[in-house]
Amino acid sequence: MTKSLSKFDWHPYIISVLLIAGMTILLKPFGIAFETTNIALIFLLPVLLNAAVWGLRPAFFAALLGLLSFDFFFVPPVISFTVADLRYLISFAVYLAVAVITASLAARLKQQVLYSKQKEKQTATLYALSKQIGSAVDMPSLLDRFTRQLSETLKMDVTIYLVENNNELTLARRSSPFAHHVQEQAELALAKRVYKQGKPLEKGISHTGGLIGHFIPLQIEEHRFGVMVLISQRERSETLPEQALLFEAVGGLAASAVARVKFEEEAKLAHLTAESERLRIAILNSVSHELRTPLAAIIGSATGLIDGEKLFTAEQRMELLVTIRDGALRMNRLVLNLLGMARLEGGMLTLRKNECEMEEIIGSTLMQLKGYQEHRTIRLDLPDEIPIVLGDEALLEQMLINVLSNAIKYSPDHSEIVLSVKVDSEFAQLSVADQGIGLKEDELERIFEKFYRSEQTGQLTGTGLGLAISKGIAELHGGTISAKPNEPKGAIITISLPLDQDNQYATN
């Protein structure tokens, strides 16, 4: 009882007493000059003030106190609660009725203002939450932003429980640590109960009853994702209807955000699974098709050498051996490309940076492709000073082999392929220009995609991996690779690599 009295707000009543007493002292000297009706109207002012500021109870108290003061000091006989004219009783009744009506209207207006402010605050809270979680692309960042923003806005501890793959409700995120283990266990048990029932719950989670948890299920239609728990950081207090509505709205917003991220993750997983399956099928088809030709050539040549050792001349045997070598080199390039793409896709392609002389890389590449180029001519257009780049020599060599092999493959016999090098202040540009089948405008970017092959390739076989790997290697070195048409026909592939600024040139 003492505690409830100590919490009672006496200020409106004390102010009403002082206000009416002051008004009485000021109006008393003019009591004869003023009409009693006007004085009664003046005594309505404290009633309106109390109704607008403190509510109905202080307004009714001010109305009753004002009536008593008006009767005692201004209604004849004065300094008495008796009345000489019984018609004043009707005036008193009208005064009380007007006071009650005006107080009710003022209090209702105050409630409307408070309700509007509360709705504005709720809208601002929901907007801030939606803005925070709208850009989240994964579950950890979503939960971190949501719990932090909600805790700062509502001044409450926020806990999110989500269902994992084993269909068990587990702690996903909490804005502040648990006070003790008992609270953690009690909260988890209640969260499991709410998740199972799918209905909000308000219940104490401590042995003293001071901590009240608001448990809100995170669900959309029949999909249930977890439970959100809100715990006030202040002493236990009654939950207002508008607070309950806000908690429900916040729970709906959290459920929508969790559902969005979960569905996006499932869609990404499904896409990756489909892409992985497509990649597997494409690799199997490409490998089986690409390996069949060189294997047939190797097997046929080797069988001929074994079975017809005395039938072939030395020159014919050399041709068969060259065929075996070329087939083996073709298979080796295919295997290197497959391994390179697997390492590139898996993030295992590491870069060992060394000073690499472009002249040595170009020379080694031309040596490896000497037998493959057949009747095509590769012409070099090099500057007097050959640049040095920082990178992995083996990867750069593989990149250049893929680009040149691509040019040789799609160029006609007896055509010329030009390998040129140009240098500016920061980059070295290697360009391979052929006179082959060329590219359409919409293919200039697509040829660097995995397994893409131009419609103009016709019956020429290939995996569509060489240029994709070259792009990955160029970007790994901080460079770029691009394509453009060659005039009058053919295509130009240009590789741009950053130079070694400390030791930019080697003497040719």
Side-chain angles (χ1 to χ4, degrees), residues 333 337 354-441 443-448 454 456 466-501 503-508:
R333 283 194 297 272
N337 281 337
N354 298 306
E355 291 183 355
C356 303
E357 293 189 10
M358 294 303 302
E359 185 179 16
E360 293 183 1
I361 294 174
I362 292 171
S364 176
T365 301
L366 294 178
M367 286 294 296
Q368 294 187 53
L369 295 177
K370 187 174 182 180
Y372 181 63
Q373 71 186 66
E374 296 180 346
H375 303 295
R376 300 166 186 84
T377 302
I378 299 179
R379 179 168 63 87
L380 299 180
D381 183 8
L382 304 178
D384 294 334
E385 294 181 321
I386 305 298
I388 292 178
V389 296
L390 281 177
D392 191 313
E393 188 171 350
L395 292 179
L396 292 175
E397 189 174 300
Q398 183 183 356
M399 175 183 65
L400 190 55
I401 287 174
N402 286 344
V403 175
L404 274 172
S405 299
N406 191 77
I408 293 170
K409 185 175 185 179
Y410 298 112
S411 296
D413 280 344
H414 306 288
S415 63
E416 184 181 66
I417 298 170
V418 180
L419 172 59
S420 60
V421 177
K422 294 181 179 179
V423 183
D424 58 23
S425 58
E426 296 181 359
F427 291 91
Q429 292 184 344
L430 289 81
S431 296
V432 177
D434 62 58
Q435 299 173 0
I437 57 178
L439 296 168
K440 295 180 180 179
E441 189 68 28
E443 294 178 325
L444 298 180
E445 293 291 337
R446 298 190 63 190
I447 60 170
F448 300 105
S454 174
Q456 303 179 80
L467 292 181
I469 295 173
S470 297
K471 179 182 179 182
I473 294 174
E475 292 177 348
L476 191 66
H477 284 78
T480 59
I481 186 170
S482 60
K484 65 179 181 180
N486 189 19
E487 297 297 340
K489 64 177 182 177
I492 301 176
I493 305 295
T494 301
I495 303 166
S496 181
L497 297 172
L499 294 172
D500 178 11
Q501 298 297 330
N503 190 12
Q504 188 169 340
Y505 295 101
T507 304
N508 190 2

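Throughout, residue positions are numbered sequentially from 1 according to the sequence presented.
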Reported [atom1]-to-[atom2] distance for the pair [X] and [Y], which is rounded to 0.5 angstrom:
X: Ser496; Y: Gln429; atom1: OG; atom2: CD; value: 5.0 Å
X: Ile481; Y: Leu430; atom1: CD1; atom2: CG; value: 10.0 Å
X: Asn402; Y: Lys471; atom1: CG; atom2: NZ; value: 15.0 Å
X: Leu390; Y: His477; atom1: CG; atom2: NE2; value: 9.0 Å
X: Asp392; Y: Met399; atom1: CG; atom2: CE; value: 10.5 Å
X: Leu444; Y: Ser482; atom1: CG; atom2: OG; value: 9.0 Å

Report yes if some heavy atom in the side chain of [X] is under 4.5 Å from a heavy atom in the side chain of [Y]; otherwise report no.
X: Leu369; Y: Ser405; result: yes
X: Gln435; Y: Ser411; result: no
X: Val423; Y: Glu385; result: no

Among Leu366, Asn406, Thr365, the one residue meeting side chain to side chain contact (heavy atoms under 4.5 Å, CB included) with Ile401: Thr365
Counterpart residues, salt bridge (Lys or Arg N to Asp or Glu O under 4.0 Å), relative to Glu416 (two or more places apart): Arg379
Qualifying residues under side chain to side chain contact (heavy atoms under 4.5 Å, CB included), relative to Glu360, sequence neighbours excluded: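 Scan of Glu360 (side chain to side chain contact (heavy atoms under 4.5 Å, CB included), adjacent residues dropped) gives Glu357, Glu393.
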Val403 to Ser470 - nearest heavy-atom pair and separation: CG2-OG, 3.9 Å
Considering all heavy atoms, the nearest Pro412-Gly436 contact: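 Closest approach of Pro412 to Gly436, heavy atoms only: CD-CA, 4.0 Å.
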Check against side-chain contact (heavy atoms from CB on, under 4.5 Å), Asp434 and Asn486: CA-CA 7 Å; Asp434 62 58; Asn486 189 19; 5.7 Å; no
Any donor-acceptor N/O pair, Asp424 side chain to Glu426 backbone, under 3.5 Å: yes
With Glu397 via side chain to side chain donor-acceptor pair (under 3.5 Å) - residues at least two apart: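 Residues passing side chain to side chain donor-acceptor pair (under 3.5 Å) with Glu397: Ser364, Gln368.
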CA sep, side-chain torsions, deciding dist, call: Ile417, Thr377, side-chain contact (heavy atoms from CB on, under 4.5 Å): CA-CA 6 Å; Ile417 298 170; Thr377 302; over 6 Å; no
Pairs satisfying ring pair (Phe, Tyr, Trp, His ring centres under 6.0 Å), at least one member in residues 373-405, at least two apart: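 Output for this query lists His375-His414.
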Ring pair (Phe, Tyr, Trp, His ring centres under 6.0 Å) partners of residues 478-498, not counting sequence neighbours, each pair once: none
Stepwise side-chain contact (heavy atoms from CB on, under 4.5 Å) check, Leu497 with Leu396: CA-CA 10 Å; Leu497 297 172; Leu396 292 175; 3.8 Å; yes
Steps toward side-chain contact (heavy atoms from CB on, under 4.5 Å) verdict (Ile362, Val421): CA-CA 10 Å; Ile362 292 171; Val421 177; 3.9 Å; yes
Contacts under 3.5 angstrom, residues 487-494 side chains, donor-acceptor by atom type, not counting sequence neighbours:
residue : atom : partner : partner atom : Å
Thr494  : OG1  : Ser431  : OG           : 3.2

